[in-house]
Engineer: 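Encoded as structure tokens, here's the structure I'll be asking about.
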Amino acid sequence: MFSEAELIEIEKIKKRYESPQSSLLPVLWMIQEKEGWISKDSMSYAAELLNIPYEYVLGVVSFYTMFFKKPKGKFHLQICTNVSCMLRGGYELYKYACKKLGINKEEITSDGMFSIEEVECLGSCATAPMMQVNNKEYFENLTFEKFDELIEKFKKEI
Amino acid sequence: MTKIILKDIDDLNTLEVYEANGGFSALKKVLKEMKADEVIEEVKKSGLRGRGGACFPTGLKWSFMPKVTDKPKFLCCNGDESEPGSFKDREIFERNPYQFLEGTLIACYAMGIKTAYIYIRGEYYRWINIIEECINQLYKKGYIGKNVAGSSFSTDIYIHKGAGAYICGEESALMSSIEGQRGYPRVKPPFPAQFGLWGYPTTINNIETITNIPEIINRGSKWFASVGEPKHPGTLLFGISGHINKPGVYELETGTPLMTIINEYCGGVWRGKSLKAVIPGGSSVPPLTRDEALKAKMDSESLKEFNSAIGTAGIIVMDQDTDLLEVLTRITYFYFHESCGQCTPCREGCGWMLRILRRISEGKGRMSDLDLLISVADNIEGNTICALGDAAAWPVKWTIRKFRGEFESKIQKEEIELPNINKVHSIRHTDYYT
Ligand SMILES: Cc1cc2nc3c(=O)[nH]c(=O)nc-3n(C[C@H](O)[C@H](O)[C@H](O)COP(=O)(O)O)c2cc1C
Ligand code: SF4
Ligand code: FES
């Protein structure tokens, strides 16, 4: 799966830690960056690469919510509904988004563009309601209008 | 108001401006003029207490690290910041990252540490990039790596990116996560200073704690000890969210009255409404009633009076129309979702509390449910490996105690027959691949 350059990168990462197993999270991050999610095959690959049992890798992947166990839409929308966001309309935004896109949790729009997830506090409580996209960029102080604009913008990006 | 971290200096987040404003003078002073022990002594005298929630004296924690050992020693800077209502470390990464890194270097020097890991929650993609860039700059400038600032002291700093798990902010779970494992907390003792990362001596400190260090060295422990409340000196980065006009992060001295923060700094409760309740330190601490909020001062000692705590200083403001049952249910869902599942009281108890709260919301509550909730909470508290159990129990126990009338009003007069169900619950134990 990994290119020569990426394998060199992994060797560098391994040197940061006292045990090779510690590179598992960084390696899983690299896999997800490449593939968009972490499949069983990817887990076998990571296990072989670091010389640890497959079951062990499975245990780690299933523990962390940011590792995707299933493919997601091109734009995976992560809307916080935890308490501070809830007080400022987090649920309203989540419901609005589900309705607008016609999907629920764990579902992907038929064109493969969007998937949605309700997430826990992202440290953006003062700028609620908010949404993270693809584990990366934050969009804060959202309104329904701003959300609509973002969706249009994402559609054009493809 | 004294500023120690979020100073009013434009572009302080760039290395040039940071250096032009005295940046790295504390590091240089320490390397040239102070022995490692003297640095620890200075931090002890300053009275600095951890900003990660437990308020443990930082100098004392540092002094637990073995001085003479042939084992490697480690520092973990805790930037997991996942407690609902907390968003202060992010502000440090953004506005004063170099002071944090300078503090990290001084901490390493004081404890004879050659490797530090900065654990940052995976969601903080943007802020991870910022810190990574800062670290690169400092390697180039010779502040990190071999012979720090030309001295005989060498140390490396690495970022370890989390992957979505609140529990990894708990210090022993954080170490598990760095070791490439599920984020399981470990039984203490042994404490990290004896048996930490890979079994070696390790110290874990919050980002804000460490960011205070350069100013303690620059301005002296006496000065620091004189800022704010003597028993909990310094400033705190208060993160204010919820029903408030000007939410955000405010650096204010410890002991500042809560209502001063709400009214003078944050423009009061939003939409001209009155206050119902305030959570003063992140979702895990017991709430304050309006009357308590009017009297409360924001430091660890003063809040004890109201059976609450300063936690991470994340203040969540709730107006008169807030449904506290809804708030408590959402908070409980969070702890249920984040329980790592190792201890039965936490894993099952969080699920029980959630189901009881939900059934009250659905109009199927009984009067006895309120005492049942408190009893489940009491049975979690103190009976678990880590403090997540307590963090889940406190809000339930104290919100019901302090606002019992509101909960009672949600319960129908007539009792409803309920089916018996018992299912083992823990989101982190679910097989996602079936
Ligand atoms: C469930 C749980 C979550 C925690 N999350 C964090 C966190 O995100 N950041 C943090 O600094 N401390 C967190 N802590 C506290 C740490 O265990 C530890 O006390 C702290 O990092 C020590 O740093 P300090 O002494 O500088 O405060 C958490 C504790 C528990 C029980
Ligand atoms: S208290 Fe909860 S989170 Fe902590 S170790 Fe036990 S089950 Fe895990
Ligand atoms: S509660 Fe939503 S970001 Fe904190």
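Letters A, B, ... mirror the listed sequences (proteins, then strands); counts begin at 1. Note that the structure is a prediction, hence the values are computed from the model and not measured. Worth knowing before you read on, the calculation uses all heavy atoms, side chains too, and leaves out hydrogens, waters and symmetry mates.
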Engineer: Under a 4.5 Å heavy-atom cutoff, which of A:Gln78, A:Met86, A:Glu120, A:Gln21 has the most pairs with chain B?
Structural biologist: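 The candidate making the most pairs under 4.5 Å is A:Glu120.
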
Engineer: Does A:Lys99 count as lying over the ring of A:Tyr96, i.e. NZ or CZ under 6.0 Å from the six-ring centre, within 45 degrees of the axis?
Structural biologist: no

Engineer: Could you check which of A:Leu28, A:Asn135, A:Val83, A:Asn82 has the highest count of heavy-atom pairs closer than 4.5 Å to chain B?
Structural biologist: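 Ranked by contacts with chain B, first place is A:Asn82.
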
Engineer: Do you know which of B:Arg126, B:Met318, B:His160 has the most heavy-atom pairs with chain A at a distance under 4.5 angstrom?
Structural biologist: B:His160

Engineer: Non-hydrogen atoms of chain A under 4.5 Å away: do they reach the side chain of B:Gln181, the backbone, both or neither?
Structural biologist: both

Engineer: Whether A:Lys70 engages the ring of A:Trp37 as a cation-pi pair (distance to the six-membered ring centre under 6.0 angstrom, angle to the ring normal within 45°) should be assessed.
Structural biologist: no

Engineer: Do B:Tyr139 and B:Asp156 have side-chain atoms, one donor and one acceptor, less than 3.5 Å apart?
Structural biologist: yes

Engineer: Within 45° of the axis and under 6.0 Å from the centre of the six-membered ring of B:Phe93, does NZ or CZ of B:Arg90 qualify?
Structural biologist: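 Cation-pi check for B:Arg90 and B:Phe93: fails.
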
Engineer: I need the residue from B:Tyr200, B:Tyr117, B:Phe74, B:Tyr158 with the largest number of non-hydrogen atom pairs under 4.5 Å to chain A.
Structural biologist: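 Going by pairs under 4.5 Å, I would pick B:Tyr158.
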
Engineer: I'd like to know which of B:Gly180, B:Ser241, B:Ala163, B:Pro84 tops the heavy-atom pair count under 4.5 Å against chain A.
Structural biologist: B:Ala163

Engineer: Highest number of heavy-atom pairs under 4.5 Å with chain B: which of A:Cys80, A:Pro20, A:Ser124?
Structural biologist: A:Ser124

Engineer: Tell me, side chain or backbone of A:Thr81 under 4.5 Å from chain B's heavy atoms, or both, or neither?
Structural biologist: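 Both backbone and side chain of A:Thr81 come within 4.5 Å of chain B.
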
Engineer: Below 4.5 Å, heavy atoms only, C-beta onward: do B:Ser339 and B:Leu388 meet side chain to side chain?
Structural biologist: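 Of all side-chain heavy-atom pairs linking B:Leu388 with B:Ser339, at least one is under 4.5 Å.
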
Engineer: Among B:Gly314, B:Ser283, B:Pro72, B:Gly162, who wins on heavy-atom pairs under 4.5 Å with chain A?
Structural biologist: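 Result: the option with the highest number of such pairs is B:Gly162.
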
Engineer: Do the rings of A:Phe2 and A:Tyr45 sit parallel, tilted or perpendicular, given the 30° and 60° boundaries?
Structural biologist: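 A:Phe2 vs A:Tyr45 ring planes: perpendicular.
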
Engineer: Let's test your reading of the structure: which of B:Gly183, B:Ser86, B:Ser177 forms the most heavy-atom pairs below 4.5 Å with chain A?
Structural biologist: B:Gly183

Engineer: Check whether the ring centres of B:Trp394 and B:Tyr335 lie less than 6.0 Å apart, and answer yes or no.
Structural biologist: no

Engineer: Step through it carefully: locate the ring centre of A:Phe68, locate the ring centre of A:His76, and say whether they are under 6.0 Å apart.
Structural biologist: yes

Engineer: With only heavy atoms counted, which part of B:Ile240 is less than 4.5 Å from chain A, the side chain, the backbone, both or neither?
Structural biologist: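 When you check distances to chain A, only backbone atoms of B:Ile240 fall under 4.5 Å.
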
Engineer: Can you establish whether the number of heavy atoms outside A:Glu140 located under 6.0 Å from its atom CD is more than 12?
Structural biologist: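 Count over threshold, so yes.
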
Engineer: Identify which part of A:Glu18 has an atom lying under 4.5 Å from any heavy atom of chain B, answering side chain, backbone, both or neither.
Structural biologist: both

Engineer: Within a radius of less than 6.0 Å around NZ of A:Lys153, do more than 12 heavy atoms belonging to other residues, nucleotides or ligands occur?
Structural biologist: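 Counting other residues, nucleotides and ligands, NZ of A:Lys153 exceeds 12 neighbours.
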
Engineer: Are B:Asp319 and B:Lys276 within salt-bridge range, i.e. N to O under 4.0 Å?
Structural biologist: no

Engineer: Contact part of B:Val317 toward chain A, heavy-atom cut-off under 4.5 Å: side chain, backbone, both or neither?
Structural biologist: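 Just its backbone gets close to chain A.
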
Engineer: Could you tell me which portion of B:Ile128 (side chain, backbone, both or neither) has an atom closer than 4.5 angstrom to a non-hydrogen atom of chain A?
Structural biologist: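 When you check distances to chain A, no heavy atom of B:Ile128 falls under 4.5 Å.
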
Engineer: Would you mind telling me which of B:Cys168, B:Gly239, B:Gly122 has the largest number of heavy-atom pairs within less than 4.5 Å of chain A?
Structural biologist: B:Gly122

Engineer: Find the one option among A:Leu122, A:Leu25, A:Thr127, A:Leu24 whose heavy-atom pairs under 4.5 Å with chain B are most numerous.
Structural biologist: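 The answer is A:Leu122.
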
Engineer: Heavy-atom distance under 4.5 Å to chain A: side chain of B:Glu83, backbone, both or neither?
Structural biologist: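 The backbone, not the side chain.
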
